K.L.:
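Structure in structure tokens, see below.
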Amino acid sequence: MFKDMRRQPALSSFHAMHKFYEDVAAGDLPTYSWVEPRYYDTPRYPASDMHPDHDVSVGDQLIKDMYEAIRAGPLWNKTAFIITYDEHGGFFDHVPPPAAPSPDGISSTDDPFDFTRLGVRVPTLVISPWTAKGTVVHAPPAEQGQYDHTSLIATVVHKLFEPAAGFPAPSFLTERDAWAATFEHLFTMEASPRTDCPLTLPDVGSHRLLFPDTLPSLEASPLRTITELQRELVAVAAGASEDSAFVFAATSDWTVAKAVEYVAVRMELLLGGE
């Protein structure tokens, strides 16, 4: 999948995080930007991905930094800042997952599943001066499907970008984004954007300082063995930077320090030293 990352024009769209803040300040953001957090805990750069057992307050700080940068930049009135999660954090969900169409009719075989139902619920924030203050949405309009991760594609691509470009009809990727509920109805301010959006967000208290006995120390983190997710991210770095000598099985006992060093080298090759 990630071999396409090293092909033009895709390669020119990948940047280190500092480029995001530079583009925000200069009013030069791409039409669509996707930001990934840090996935490895190091003493200098703690993880901001909110996966266990990382400090979720670092992820909150990332959200605060991004919001304040966008809010202070010249593109605030033209930007929707969308935050969503890919997992529920292990919390119990009392609502059974609803049915949904299979994206492509393909079922998994190693762990049989036909992909005709959604998963547990996750929160999503839509932050925009064109959204009314205090808006809370629990379910989509009755005539639509359900909100899921492809709602982002269905809304941004099919409801906002394609009509603006004059496309005659949506070019759906799968049955799922054709079915997913959209959320363009949240942008309800018609006359002018709101001016009461805060310039800054409250300070984020460090969970490591508040709960020192519940999180592993940053000093010890480089010596820990990487998780399955972190192994997969190492493999992404290998594939994207075309490391033909990479052997995934050999990463089973890698430490965080070794993974961080490897990923840093491979990403520098991919991004041209950015």
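Note that the coordinates shown come from a computational prediction; the quantities given were computed from them, not determined experimentally.
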K.L.:
Once rounded to the nearest 0.5 Å, what's the spacing between atom OG1 of T182 and atom CG of D177?
P.N.:
11.5 Å

K.L.:
Applying side-chain hydrogen bond (donor to acceptor under 3.5 Å, both in side chains), name anything that partners D41, two or more places apart in sequence or on another chain.
P.N.:
R208

K.L.:
Please report the closest heavy-atom contact between G205 and S57, naming both atoms and the distance.
P.N.:
O-CB, 3.2 Å

K.L.:
Specify the closest pair of heavy atoms between P74 and A26, including all atoms of both residues, with the distance to one decimal.
P.N.:
CG-C, 4.3 Å

K.L.:
Could you tell me if the side chain of H149 sits less than 4.5 Å from the side chain of V122, heavy atoms only?
P.N.:
yes

K.L.:
Measure the spacing between OH of Y40 and CD1 of I226 and express it to the nearest 0.5 Å.
P.N.:
5.5 Å

K.L.:
Linking directly or through intermediates, with side-chain heavy atoms under 4.5 Å: list the remaining ILVMFWY members grouped with F115, chain and number order.
P.N.:
F113

K.L.:
Quick one: are R71 and C197 in side-chain contact, heavy atoms under 4.5 Å?
P.N.:
yes

K.L.:
What is the distance from atom NZ of K64 to atom OG1 of T200, rounded to the nearest 0.5 Å?
P.N.:
5.5 Å

K.L.:
Excluding sequence neighbours, so at least two apart, what forms ring-ring contact (aromatic ring centres under 6.0 Å, His included) with F172?
P.N.:
H158

K.L.:
H138 vs V136, test: side-chain contact (heavy atoms from CB on, under 4.5 Å). Steps then yes/no.
P.N.:
CA-CA 7 Å; H138 294 287; V136 178; 3.7 Å; yes

K.L.:
Quick one: list whatever passes side-chain hydrogen bond (donor to acceptor under 3.5 Å, both in side chains) with S171, sequence neighbours left out.
P.N.:
E162

K.L.:
Do the side chains of V120 and F91 get nearer than 4.5 Å, heavy atoms only?
P.N.:
no

K.L.:
My understanding is that a hydrophobic cluster links ILVMFWY residues whose side chain heavy atoms are under 4.5 Å apart, including indirect links. Using that, what else belongs to the cluster containing V204?
P.N.:
none

K.L.:
Out of curiosity, S102 OG to E175 CD, how far, rounded to the nearest 0.5 Å?
P.N.:
8.5 Å

K.L.:
Go through the steps to decide whether D148 and R176 satisfy the test salt bridge (Lys or Arg N to Asp or Glu O under 4.0 Å), and finish with yes or no.
P.N.:
CA-CA 9 Å; D148 81 340; R176 185 63 65 82; 3.4 Å; yes

K.L.:
Kindly give the cluster partners of W179, where membership spreads through any ILVMFWY side chain lying under 4.5 Å from a current member.
P.N.:
L118

K.L.:
E68 and L201: which non-hydrogen atoms are nearest, and at how many Å?
P.N.:
OE2-N, 2.9 Å

K.L.:
Going by heavy atoms in the side chains, are P30 and S13 under 4.5 Å from each other?
P.N.:
no

K.L.:
Would you say that S48 contacts R38 through its side chain, given a criterion of any heavy-atom pair below 4.5 Å between the two side chains?
P.N.:
yes

K.L.:
State whether a side-chain donor-acceptor pair under 3.5 Å links Y39 with E36.
P.N.:
yes

K.L.:
For the residue pair M66 and Y21, establish whether any side-chain heavy-atom pair is separated by less than 4.5 Å.
P.N.:
yes

K.L.:
Share the residues that join L209 in a hydrophobic cluster, the rule being Ile, Leu, Val, Met, Phe, Trp or Tyr side chains under 4.5 Å apart at the heavy-atom level.
P.N.:
none

K.L.:
For residues 77-88, run the donor-acceptor check on the side chains, cut-off 3.5 Å, and write out each pair with its distance to 0.1 Å, sequence neighbours left out.
P.N.:
{"unit_1": "T79", "atom_1": "OG1", "unit_2": "L75", "atom_2": "O", "d": "2.7"}
{"unit_1": "T84", "atom_1": "OG1", "unit_2": "T124", "atom_2": "OG1", "d": "2.7"}

K.L.:
Taking the side chain as every heavy atom from C-beta outward, state whether M17 and D65 have any pair of such atoms under 4.5 Å apart.
P.N.:
no

K.L.:
Looking at every heavy atom in both S206 and D55, which two are closest together, and how far apart are they?
P.N.:
OG-OD2, 3.7 Å

K.L.:
If two hydrophobic side chains count as joined below 4.5 Å and joins carry through other members, does L271 share a cluster with L233?
P.N.:
yes

K.L.:
Going by side-chain hydrogen bond (donor to acceptor under 3.5 Å, both in side chains), name the residues that satisfy it together with T155, two or more places apart in sequence or in a different chain.
P.N.:
none

K.L.:
Test of understanding: clusters of I, L, V, M, F, W, Y form through side-chain heavy atoms closer than 4.5 Å, transitively. Do V35 and I70 belong to the same one?
P.N.:
yes

K.L.:
Below 4.5 Å, heavy atoms only, C-beta onward: do R194 and W130 meet side chain to side chain?
P.N.:
no

K.L.:
Are L218 and V56 joined in one hydrophobic group, where the rule is that I, L, V, M, F, W and Y side chains link up if heavy atoms are under 4.5 Å apart?
P.N.:
no

K.L.:
Are F167 and L173 in one and the same hydrophobic cluster, where Ile, Leu, Val, Met, Phe, Trp and Tyr link if side-chain heavy atoms are under 4.5 Å apart?
P.N.:
no

K.L.:
Start with the C-alpha distance between T42 and Y45, add both sets of side-chain angles, then the distance that settles side-chain contact (heavy atoms from CB on, under 4.5 Å), and finish with yes or no.
P.N.:
CA-CA 5 Å; T42 68; Y45 298 111; 3.6 Å; yes

K.L.:
Pairs of donor and acceptor atoms involving the side chains of residues 246-264, under 3.5 Å and at least two apart or interchain, shall be tabulated with distances.
P.N.:
{"unit_1": "T251", "atom_1": "OG1", "unit_2": "R231", "atom_2": "NE", "d": "2.8"}
{"unit_1": "T251", "atom_1": "OG1", "unit_2": "R231", "atom_2": "NH2", "d": "3.3"}
{"unit_1": "T251", "atom_1": "OG1", "unit_2": "F248", "atom_2": "O", "d": "2.6"}
{"unit_1": "S252", "atom_1": "OG", "unit_2": "A249", "atom_2": "O", "d": "3.4"}
{"unit_1": "W254", "atom_1": "NE1", "unit_2": "A250", "atom_2": "O", "d": "3.1"}
{"unit_1": "T255", "atom_1": "OG1", "unit_2": "K258", "atom_2": "N", "d": "3.2"}
{"unit_1": "Y262", "atom_1": "OH", "unit_2": "D243", "atom_2": "OD2", "d": "2.6"}

K.L.:
Donor-acceptor pair, distance only, cut-off 3.5 Å: does the side chain of T188 make one with the backbone of T131?
P.N.:
no

K.L.:
Return the CG to CZ distance between L270 and F14, rounded to the nearest 0.5 Å.
P.N.:
7.0 Å

K.L.:
My understanding is that only residues two or more places apart in sequence, or in another chain, count here; which of them pass ring-ring contact (aromatic ring centres under 6.0 Å, His included) with F211?
P.N.:
H207

K.L.:
Quick one: closest heavy-atom pair of G145 and P140, and the distance?
P.N.:
O-CG, 3.2 Å

K.L.:
Linking I/L/V/M/F/W/Y whenever any side-chain heavy atoms sit under 4.5 Å apart, do L160 and I153 land together?
P.N.:
no

K.L.:
Backbone N or O of A240 within a donor-acceptor pair of the R266 side chain at under 3.5 Å?
P.N.:
no

K.L.:
Taking ring-ring contact (aromatic ring centres under 6.0 Å, His included) as the test, write out the residues that go with Y32, two or more places apart.
P.N.:
none

K.L.:
Where is the tightest heavy-atom contact between Q146 and P98, given as atom of each residue plus distance?
P.N.:
CG-CG, 4.0 Å

K.L.:
Look at the side chain of Q144 and the backbone N and O of P141, then say whether any donor-acceptor pair between them is shorter than 3.5 Å.
P.N.:
no

K.L.:
Verify the ring-centre separation between W76 and Y67: is it less than 6.0 angstrom?
P.N.:
yes

